[in-house]
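Read through the structure below, which is laid out as structure tokens, and then see the notes.
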Amino acid sequence: MSQRIGTKLFISRLSFFTTNEQLKTLFSPFGVVKEAHLVLDKRTRRPKGFGFVSYETQTQAEKAIKAMNGRIVRGRLIFVEPAKVNGPENDAS
């Protein structure tokens, strides 16, 4: 089984003041960001400090991981890793 990271990344330890637009801007130098969204607290509607970024290609996602994982952003050390996929993957491409 080959190691495929996919195109969706999980970003953790973000500043609680980060916006969806800032997240997209932060990750856009590495490729076309299809989606960037922060996970919000259901009660307060404020960011929880983590989110997801999706790229058009796996190569773009890999570049973003290499460039951004372990970087200091807005005074916080962030982590970037492949997002875990829920459910079985369809390998019949």
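Only heavy atoms go into these numbers, but all of them, side chains included; no hydrogens, no water, no symmetry mates.
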### Message
Working to the nearest 0.5 angstrom, can you tell me the gap between S15 OG and L23 CG?
### Response
11.5 Å

### Summary
Sequence neighbours excluded, the answer for ring-ring contact (aromatic ring centres under 6.0 Å, His included) partners of F79 is none

### Message
With a 6.0 Å cut-off (strictly less than), is the heavy-atom count around CZ of R76, excluding the residue itself, greater than 12?
### Response
yes

### Task
Compare all side-chain heavy atoms of T18 with those of P47 and state whether any distance is below 4.5 angstrom.
no

### Task
Determine the minimum heavy-atom distance between G6 and A61, stating which atoms define it.
O-CB, 3.7 Å

### Task
Report the distance from atom CG of D41 to atom NZ of K48, rounding to the nearest 0.5 Å.
5.5 Å

#### Entry: Partners meeting side-chain contact (heavy atoms from CB on, under 4.5 Å) with T57 (sequence neighbours left out)
T59, Q60

### Distance, nearest 0.5 Å, that separates OG of S54 from NE2 of H37
7.5 Å

### Message
A side-chain contact here means heavy atoms from C-beta on lying under 4.5 Å apart; do I11 and F27 qualify?
### Response
yes

### Query
Can you check whether F30 and Y55 have ring centres sitting under 6.0 Å from each other?
no

### Query
In terms of hydrophobic clustering (I, L, V, M, F, W, Y; side-chain heavy atoms under 4.5 Å; direct or indirect links), are L38 and F10 co-clustered?
no

### Contact check, side chains of K34 and V53, non-hydrogen atoms, under 4.5 Å
no

### Task
Could you go through the side-chain contact (heavy atoms from CB on, under 4.5 Å) check for R13 and F50 one step at a time?
CA-CA 6 Å; R13 303 211 47 200; F50 61 92; over 6 Å; no

### Message
Please determine whether residues L9 and V73 belong to a single hydrophobic cluster, defined as Ile, Leu, Val, Met, Phe, Trp and Tyr linked transitively by side-chain heavy-atom distances below 4.5 Å.
### Response
yes

### Task
Apply ring-ring contact (aromatic ring centres under 6.0 Å, His included) to F16 and list each qualifying residue two or more places apart in sequence or on a separate chain.
none

### Message
Within this structure, what is the CZ-CG distance for the pair R45 and L40, rounded to the nearest 0.5 Å?
### Response
5.0 Å

### Message
Rounded to the nearest 0.5 Å, what separates atom OG1 in T19 from atom CG in L26?
### Response
10.0 Å

### Task
Would you indicate whether the side-chain heavy atoms of Q22 and R74 approach each other to under 4.5 Å?
yes

### CG-CD1 distance between N69 and I78, expressed to the nearest 0.5 angstrom
7.5 Å

